[in-house]
Every structure is written in C-alpha cells, then in structure tokens.
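Beneath this line is the structure, given in structure tokens, with notes to follow.
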Amino acid sequence: MSSAAYLDRMGDYCKGCHYDKKARSGSHACPFNALYWDFFDRQRERLGNNHRLGMVYRQLDKMEGSTLDALRTQAAGLRERLDSL
C-alpha cells in the first residue's frame, strides 16, 4: 500500500495525471490516497500494534471524523469501480 505522495517520490508515475496527488478526497483526488487511508483504517485491529506502522496510525488518529468519513466514502466508491478507473 502506498499513497500518491510515495508513488510520486519513487518515480514519475504522477507526471501528467489528471488526479490531484495531494487531495485525499473529492472528484479530483488521487484514488491511491483514499484507498491507502481506508485500508489502514479497516485493518487497524490486525495492523495497529505493528511498531513499523505507528506513524501511519498516529496520522490516522489525528484526522477529524468528517475527513475520515469522506475517505471511507471515497474508497468505497473507488473499490466498486476499480475496473473503470
């Protein structure tokens, strides 16, 4: 799992893409961002105690409820239409 920020740093995958790599949700947000945060949110029970993922879960804990709800909604919609992205 990785967010758009990581993908952008590791290569030129985001160059010329119409998605906004910095946006977490919304119609122009990079799908990787919502899917990234939603994955870790859904897997908290399984992965939350892994010390290597501590930073991820600290960031997730700092998110406002409305932001997290928007990410969940965005990710659910993306998972429903993965073949057409």
Side-chain angles (χ1 to χ4, degrees):
M1 282 303 304
S2 62
S3 67
Y6 182 79
L7 290 172
D8 186 45
R9 271 190 304 246
M10 294 298 128
D12 61 355
Y13 305 107
C14 299
K15 190 174 187 176
C17 182
H18 70 276
Y19 290 116
D20 180 355
K21 63 187 174 198
K22 293 183 181 181
R24 290 182 177 167
S25 61
S27 61
H28 296 294
C30 177
F32 283 98
N33 291 334
L35 292 169
Y36 174 84
W37 291 111
D38 180 66
F39 171 81
F40 283 111
D41 182 46
R42 289 184 295 111
Q43 300 300 322
R44 183 182 290 268
E45 187 174 318
R46 181 178 289 169
L47 301 174
N49 292 325
N50 183 320
H51 71 278
R52 292 178 183 244
L53 298 173
M55 185 176 70
V56 171
Y57 283 104
R58 283 190 298 277
Q59 287 182 297
L60 196 58
D61 290 339
K62 290 179 184 178
M63 285 185 197
E64 294 181 10
S66 59
T67 300
L68 194 50
D69 288 342
L71 287 169
R72 289 175 182 142
T73 300
Q74 181 98 2
L78 290 166
R79 284 193 309 273
E80 288 177 5
R81 55 186 178 88
L82 282 176
D83 292 333
S84 66
L85 292 177

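The local environment of CE in M10 is crowded, with over 12 non-hydrogen atoms from other residues, nucleotides or ligands closer than 6.0 Å. In the displayed structure, N49 atom CG is contacted under 6.0 Å by at most 12 heavy atoms of other residues, nucleotides or ligands. Heavy-atom contacts from other residues, nucleotides or ligands closer than 6.0 Å to OH of Y6 number 12 or fewer.
Taking 4.5 Å as the limit, every side-chain heavy atom of L71 sits out of range of all side-chain heavy atoms of Q74. Looking at heavy atoms from C-beta onward, R72 lies out of side-chain contact with R42 at the 4.5 angstrom threshold. Inter-residue side-chain proximity for D41 and Y57 is flagged as unmet; no heavy-atom pair is nearer than 4.5 Å. The side-chain heavy atoms of E64 and D69, taken from C-beta on, include no pair separated by under 4.5 Å. The closest side-chain heavy-atom distance from H28 to Y19 is not below 4.5 Å.
Residues L7 make up the rest of the hydrophobic cluster containing F32, defined by ILVMFWY side-chain heavy atoms closer than 4.5 Å, directly or through other members.
Looking at residues two or more places apart in sequence or on another chain, you find a side chain to side chain donor-acceptor pair (under 3.5 Å) between D8 and K21.
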V56 and F39: CA distance, side-chain angles, deciding distance, side-chain contact (heavy atoms from CB on, under 4.5 Å) verdict: CA-CA 11 Å; V56 171; F39 171 81; over 6 Å; no
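Remark: L68 CG to W37 CH2 distance equals 10.0 Å, nearest 0.5 Å. With rounding to the nearest 0.5 angstrom, the CG atom of L53 is 11.0 Å from the CD atom of Q43. The structure places CZ of F40 at 9.5 Å from OG of S3, a figure rounded to the nearest 0.5 Å. Atom CG of D12 and atom SG of C17 lie 12.0 Å apart (nearest 0.5 Å).
Taking 4.0 Å as the cut-off between side-chain N and carboxylate O, R44 and D61 count as a salt-bridged pair.
Minimum heavy-atom separation, A34 to L78: CB-CD1, 4.1 Å.
Counting only distance, with no hydrogens or angles, the side chain of N33 and the backbone of A4 share a donor-acceptor pair below 3.5 Å.
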